[in-house]
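Each remark here refers to the structure printed beneath this line.
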Amino acid sequence: MRYTTLLQLTLPLLLIILSSLPSNAHKVRVFAWEESGIIHTEVKFSGGRPAKNAKISVTSAQDKNELLTGLTDSNGMFSFPIPDTAKKNHYNLVIAVNSGDGHKNSWLLNAADYLQVTKNTHQQQPSPSSPTSLQAAQLAPPEQQKSTAVVVDGEQLSQIIEAALDRKLGPIKRSLAEQQEHKPSLQDILGAIGYILGLAGIAAYFKSQKNR
Amino acid sequence: MHISEGVLSPSILIAGGAIACAGTAIGLKKLNYDKVMGVSLLTSTFFVASLIHVPLGPGNVHLVLGGLMGILLGWSCFPAILVALFLQTIFFQYGGLIVLGVNTTIMALPAVFCFYLFRTWFKKNGRKRQMAAFSCGFLSIFLSSLLMALALSFTDKGFLQASQLIIAAHIPLMFIEGIITMFTVSFLAKVQPEFLQIKE
């Protein structure tokens, strides 16, 4: 009898709480992605609010050298060009964030994820004429097109494609990185409540054994 | 309120773990057969309530309900909070297994303290009980932030800076918790006075 009233009290409370769930905040999360030679880092609390002035340190996973440190801006963003030593030594970068109030997290950016593309963009930078030559190729009459097409062909064309893909894939990389975060779902929560009730059952069993 | 893994020094981790162990042992010992279901209900409430984000203040805060758990459970809030935090750790990676003891201590110790501090006031009716409930909710968060700052002070930042940051972030929560605790207690006093342990 006592607990049925209590149940009547607690259940609506739980339901109200469950219905207001989508925003929550417990830990800080960080994700990083590379976009044409610059590594972008975004730091958020798990409710989606940006973590301002959080301390970021970038270290190499191989020899634990600290390459650079910085603070996030008001949007929780921190961007830095890929350090030369990291490029040279093919470091996997560990991007660690500490928000100062006991929250800490890190993100591993593998060398393979940022090095290949930068190599291409670096080669591409000295030749900004390549897209225009492609345009010229399209505009040119067919006889000339053949000859210019040979110039654009191969190496350069693949560079253009990769640069374009890189630009287009940037936001996708970002949202993929973002989605690695496991958000509490209703199933998790209900499952946890089940665990709690199960533990209560075990406790009740042992206590009742003692009573006998 | 959840300190992440790898922030604290080993001595703090051990101290927090020891306090949490002792508290849990006392809590389990004091837990009698009649109270088991009540404890588990509050554990569930704590588990879910601390998933809500309160969008106030500079930091990220969420309901803790430490004061309420302290009033209703006494020492048994240690095992309750331990279980809820453990589940949050393995399900959502909040906090961490190594810092579990410290996190439990941060939330449960002030709750127990408030329980002893305000226990006599709860036996009185009316306004005094309401005030006690508010203070209980308020103080438990304040002390929790203080404990958290203390734990963090031995790491990179000094105590003063850490405590300023954390207490400032939790000021809105202190009032919210105070009000929630007050309403819950006055409601329970009307509906379910046995649960408040008002009568001896």
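Here the structure is a predicted model, which is why all the values come from computation and not from measurement.
- Between the CD1 atom in Ile189(A) and the CD atom in Gln88(B) there is a gap of 9.5 Å [rounded to 0.5 Å].
- By the 6.0 Å contact criterion, CZ on Phe113(B) is open, its count of non-hydrogen atoms from other residues, nucleotides or ligands being 12 or less.
- With a 6.0 Å radius and a threshold of 12 heavy atoms from other residues, nucleotides or ligands, Leu117(B) has its CG atom above the threshold.
- Contact annotation: the side chain of Phe91(B) approaches that of Tyr195(A) to within less than 4.5 Å [non-hydrogen atoms, C-beta and beyond].
- Using modelled atom types, no side-chain atom of Lys207(A) and backbone atom of Val36(B) make a donor-acceptor pair closer than 3.5 Å.
- Among the residues in residues 79-87 of chain B, those with a non-hydrogen atom closer than 4.5 angstrom to a non-hydrogen atom of chain A are Val83(B), Leu87(B).
- Ser40(B) approaches Ile196(A) most closely through the heavy-atom pair O-CG2, 3.3 Å.
- Both the backbone and the side chain of Leu31(B) come within contact range of chain A, with heavy atoms under 4.5 Å apart.
- Taking a 6.0 Å sphere around CZ of Phe183(B), one finds it holds 12 or fewer heavy atoms contributed by other residues, nucleotides or ligands.
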